[in-house]
Every structure is written in structure tokens, then in C-alpha cells.
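Working notes, structure below.
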Amino acid sequence: MFRVYIAGISSYLPENCVHNNDLSETLDTSNDWIVSHTGISYRHLAAEHESPSSMGIAAVKDVLQKTGIAAEELGMILLSTTTPDYAPIPSTACVVQDAIGAKNAVGLDITAACAGFVYGIELARAYMQIHQRPILVVATEMLSRVTDWNDRKTCVLFGDGAAAAILLPSPDGERGVVESLLKSDSSGKDVLKIEGGCRTSTSHTDNIPLTIFMDGKSVFTFAIRILPAVITQLMKNNGLTIDDIDWIVPHQANYRIIHSAANRLGVPESKFFINVQNFANTASASIPIALVDMEHRGLLKPGHKIITVGFGAGLCYGGNLIIW
Ligand code: COA
């Protein structure tokens, strides 16, 4: 059977690690509130000299070195970001392509918010059925640049970070992506947005800064509904039960969302990998950053069955069932 597998994965996190108590020095918030409402303690924030592409490139260089794939061998670069280097052209994928010298690749950005890595894996799987060449899937997010740092309802939630994965044809037809579900419920397109695009500018003299807007309660309600639904559907489609699944790797948005999904599914929380406490919500980079974290902790073994679930603005969502 033709399958596509993740041959290597790396992440990059900016050096500057900020604790909740650092935020409460300048903002009307507290460590207690943030931890009790989100589970977040720390987030990494990019330095002035960094950009979404520079973070992505750092992760890409590492994964190329790890897998022994030369940049010239890449057939495609799929880059997920909600914070492109430019708004919106050239694509950040093309910026990365140029920097690493992947001259035989096609570069394409994915706009699927926090579901972007899940979408990227499936798009890579589909493209590779025709062009069987290595594909790089990158997720890089610098939400600190689009956050209103006076808005305590949003700014405490996000962090910066990047990750990159090399996808190859599966060596044994067993390891790899078994199935993906990709969905979008655009009736919720207004509950999570980055304002400041052409629709919100009224003339060429406008210079509206990009700023994230979120109706937190609506996003919460959506997330706790779709997280169990995606997991259940992927298991059902493949004749699996929760006992067959080694790990669920959800988008790391908020501990309470994961806790609630585990309760609704009747699954022990220990099935879910959770590291939101250390990195906050890094949008589409959160799932691959979690996978790297799991590898570092020795939690992922070849043959493990894992389900990823991403969800975010759009409202885009979906999941991948992967044999590691
Ligand atoms: N520190 C202290 N107080 C805060 C605060 C902060 N950082 N943020 C909000 N508050 C206050 C509010 O002002 C409000 O005060 P009030 O009752 O005096 O008006 C109170 O806390 C409750 O606010 P509310 O917005 O009702 O909190 P909540 O329980 O809904 O939690 C979220 C807010 C954002 C944590 C929650 O809605 C959530 O997790 N949503 C999903 C967000 C998400 O994951 N988005 C990304 C998806 S990809």
C-alpha cells in the first residue's frame, strides 16, 4: 500500500521564555488566572531580529540535516502560517525556498490557521501520490506580532515557534498517514480573525495594523465539540477503538479544551499529549512542536498509532491518523 510517512521532524523556539508573572508586571492579569483558565505558564516570544521565515528556516535546516535530504531533492514546500513574512505576497514558503536553496521545489503557503499542519500533511500525501519526491511541511507562527499586548483576553494565550517535517514515501507501506479528515465550518468565520487585510482597509492611505480578534467562548464551544468528533470519526473509519490508539496529539490551545474533550470521549487524559503549559498556543506550529517534544521525551515509538487534531480560524479543523 502506498503511504507517506514523517521521516523526520524538528522545531525551533525563540530563546526568550516569558512566564505569566512577567506579563502581570505590565498587564492586569495574574499567574493564577492564566493557569486556571488556560493551563499556560510559559510562552516563547521572538526577538526583534527574528521573522516567521527565520524561525521556520532554523527548523528546516535541522530536519534536513537529521534526515540527510538535500534541499535540491525537495519537490514541494508547504508552509502553514497565520503570520506570513509579507501580507500576503511573496509566500513565506518562497522565502524559505530561496534561503535553503530548494531550487527544484514548488513553494505554497497554507492558510488554515491552527489546523494548518494537519492540512499540510494531507496535501503532501495527496501530491506525493503523483510526484514521489520529498516534501517539506513547515509551520511557523509569530503571533506576538499581531497581538494587542493591552488585550488581556488574547495576549496571554499565544506564543511563537516553528517546526518542520520531511515527508517521504513509506519504506514498508505500513508506517505513515493512514487517513486524514479535513473540514471547515465557515459559519464561524467571524469568531477568530486577524483584522487589517484589504477588506478592512477603506483606502490606499489606510494603514491598519494586523490585530488578532477572538470571541473566546465561541471558539471554546467549537473546539470541545469537534475535538471528540474528529477522533471518533477517524477511529470509526478505520475500525479502531481508543485502546488501539497510543497517543492523541491535539492542537495545544488550552488545557481546559483538552480536559473537556477527554471527558466527553470518556478517555483518560493521559492518552492526550499536553505541553501547552510550556509554549502556550503556537497556532499551526503547536502539533509538530508537540511531536518533537514527544520524540525528545522518548514517547513516540515506531508502530505507534497517533491521532492529531487541529482546529482554529475559518473555522478550519481536521485530524490525521498516523502510524509512527
Ligand atoms: N487575566 C485576568 N482576567 C482576565 C483575563 C486575564 N488574562 N482575561 C479575561 N479576564 C477576565 C475577563 O475580563 C472577565 O472579567 P469580568 O467577569 O469582570 O468581565 C473574566 O476574566 C472572565 O472572562 P471570560 O472571557 O468569561 O473567561 P473564560 O472563562 O471564557 O476564559 C478564555 C477565556 C479565552 C480562556 C476561554 O474563552 C478560552 O479558552 N477560549 C478558547 C480560546 C482559544 O483556545 N483560542 C484559540 C483557538 S485556536
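As the structure lists them, so they are numbered: ligands from 1, and atoms in each ligand from 1.
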(message) Atom CD of residue position Gln129 - does it have more than 12 heavy atoms of other residues, nucleotides or ligands inside 6.0 Å?
(response) yes

Closer than 4.0 Å to some heavy atom of [X] - which atoms of ligand 1 meet that?
X	value
Phe311	48 (S)
Ile257	44 (O)
Asn281	46 (C), 48 (S)
Val156	7 (N)
Cys114	48 (S)
His251	48 (S)
Ala253	44 (O)

(request) Report the part of Leu27 in contact with ligand 1, treating N, CA, C, O as backbone and CB onward as side chain, heavy atoms under 4.0 Å; options are side chain, backbone, both, neither. (result) neither

(message) Please classify the Thr154 to ligand 1 contact at 4.0 Å (heavy-atom distances, strictly less than): side chain, backbone, both or neither.
(response) neither

For ligand 1 and [X], I'd like to know whether there is a polar contact (N/O to N/O, distance under 3.5 Å).
X	answer
Trp33	yes
Arg152	yes
Asn254	yes
Thr29	yes
Gly216	yes

(message) For Arg125 and Leu167: C-alpha separation, side-chain torsions, deciding distance, then whether side chain to side chain contact (heavy atoms under 4.5 Å, CB included) applies.
(response) CA-CA 8 Å; Arg125 192 188 68 80; Leu167 276 79; 5.9 Å; no

Any protein heavy-atom neighbour for [atom] (distance below 4.0 angstrom)?
atom	result
atom 13 (O) of ligand 1	yes
atom 9 (C) of ligand 1	yes
atom 17 (O) of ligand 1	no
atom 32 (C) of ligand 1	no

For [atom], closest protein heavy-atom neighbour:
atom	answer
atom 47 (C) of ligand 1	Val219 CG1, 3.4 Å
atom 45 (N) of ligand 1	Met214 SD, 3.1 Å
atom 26 (O) of ligand 1	Lys217 NZ, 2.5 Å
atom 36 (C) of ligand 1	Arg256 NH2, 4.0 Å

Heavy-atom distance under 4.5 Å between the side chains of [X] and [Y], does that happen here?
X	Y	value
Asp246	Trp324	no
Tyr119	Cys316	yes
Arg3	Val178	yes
Ile248	Ile242	yes
Arg43	Thr282	no

(request) Verify the distance criterion only: is there a donor paired with an acceptor across the side chains of Ser51 and Ser53 at less than 3.5 Å? (result) yes

(request) Output, in order, the C-alpha distance, side-chain angles, deciding distance and verdict of side chain to side chain contact (heavy atoms under 4.5 Å, CB included) for Asn254 and Val276. (result) CA-CA 7 Å; Asn254 181 319; Val276 68; 5.8 Å; no

(message) Testing the basics here: between Thr67 and Gly8, what is the closest heavy-atom pair and its distance to 0.1 Å?
(response) CG2-CA, 3.6 Å

(request) For Phe2, check ring-ring contact (aromatic ring centres under 6.0 Å, His included) against everything at least two apart and list the hits. (result) none

(request) Under the side-chain contact (heavy atoms from CB on, under 4.5 Å) rule, collect the residues that match up with Ala113, sequence neighbours excluded. (result) Thr82, Ala313

(request) Would you check, one step at a time, whether the test side chain to side chain contact (heavy atoms under 4.5 Å, CB included) holds for Arg133 with Asn104? (result) CA-CA 10 Å; Arg133 296 173 51 202; Asn104 300 310; 3.4 Å; yes

